[in-house]
Amino acid sequence: MKILYALTSAFLFSVSGFSQNYQFTHLEVNQWSDANGTMIGRAYIKNTSNSSIYIKVRRYEQTVIQGAVNYFCWDACYSPTTDISVNGLNAAPGDTLTNFYADFEPNGGTGTSVI
């Protein structure tokens, strides 16, 4: 029997100096998995401004079930102990960056996590 749990995800991005100049053109989160599966979240970010912007990623963990591990990839793939991307990515006007994804591994735990 599979045990299902929900993962509420809000991937928050920090944009240096251009807080209104981007939009999410694709946000996909696999919200259900069994207790031994891996959930994957993806996001595409489009630069809607007339100039280049520099985008970094920051992870906020509000509630995470005990024993679970999560991490993200942006300019590189980071360990579960890293909350802010070391480097940002430059997006020219009109460009869409497809680099972001995040993994959540419950490692047998069940419940709800908010990241």
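Each residue takes its place number in the sequence, starting with 1.
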Determine, step by step, whether Asn87 and Leu89 satisfy the side-chain contact (heavy atoms from CB on, under 4.5 Å) criterion, reporting the C-alpha distance in whole Å, the side-chain angles of both residues, the deciding distance to 0.1 Å, and the verdict. CA-CA 7 Å; Asn87 298 303; Leu89 295 177; over 6 Å; no
Just verifying a value: how many Å separate [X] [atom1] and [Y] [atom2], rounded to the nearest 0.5 Å?
| X | Y | atom1 | atom2 | result |
| --- | --- | --- | --- | --- |
| Asn21 | Ser52 | CG | OG | 11.0 Å |
| Asn47 | Ile53 | CG | CD1 | 4.0 Å |
| Asp34 | Met39 | CG | CE | 9.0 Å |
| Thr48 | Gln23 | OG1 | CD | 5.5 Å |

So do [Y] and [X] actually touch side chain to side chain, heavy atoms under 4.5 Å?
| X | Y | result |
| --- | --- | --- |
| Thr63 | Ser113 | no |
| Val57 | Phe100 | yes |
| Phe72 | Ser85 | yes |
| Tyr71 | Asp103 | yes |

Just do the side-chain contact (heavy atoms from CB on, under 4.5 Å) check on Phe104 and Thr38 with the steps written out, would you? CA-CA 6 Å; Phe104 180 83; Thr38 299; over 6 Å; no
Under 3.5 Å: donor-acceptor pair, side chain of [X], backbone of [Y]:
| X | Y | answer |
| --- | --- | --- |
| Trp74 | Ile55 | yes |
| Tyr101 | Gly41 | no |
| Thr25 | Ile45 | no |
| Asn107 | Gly67 | yes |
| Arg42 | Asn99 | no |

Treating Ile, Leu, Val, Met, Phe, Trp and Tyr as nodes and any side-chain heavy-atom pair under 4.5 angstrom as an edge, say whether Val86 and Leu97 lie in one connected cluster. yes
If you apply the rule side-chain contact (heavy atoms from CB on, under 4.5 Å), what do you find for Tyr44 with Thr98, and how did you get there? CA-CA 5 Å; Tyr44 296 174; Thr98 61; 3.7 Å; yes
With sequence neighbours excluded, residues passing side chain to side chain donor-acceptor pair (under 3.5 Å) with Asn70: Arg59, Glu61
For the pair Ile84 and Lys56, evaluate side-chain contact (heavy atoms from CB on, under 4.5 Å) and give the outcome as yes or no after the intermediate values. CA-CA 7 Å; Ile84 301 173; Lys56 291 182 78 171; 4.1 Å; yes
Work out which heavy atom in Pro106 is nearest to a heavy atom in Gly37; give both atom names and the distance. CD-O, 3.0 Å
Set of residues satisfying side-chain contact (heavy atoms from CB on, under 4.5 Å) with respect to Thr82, sequence neighbours excluded: Tyr78, Ser79
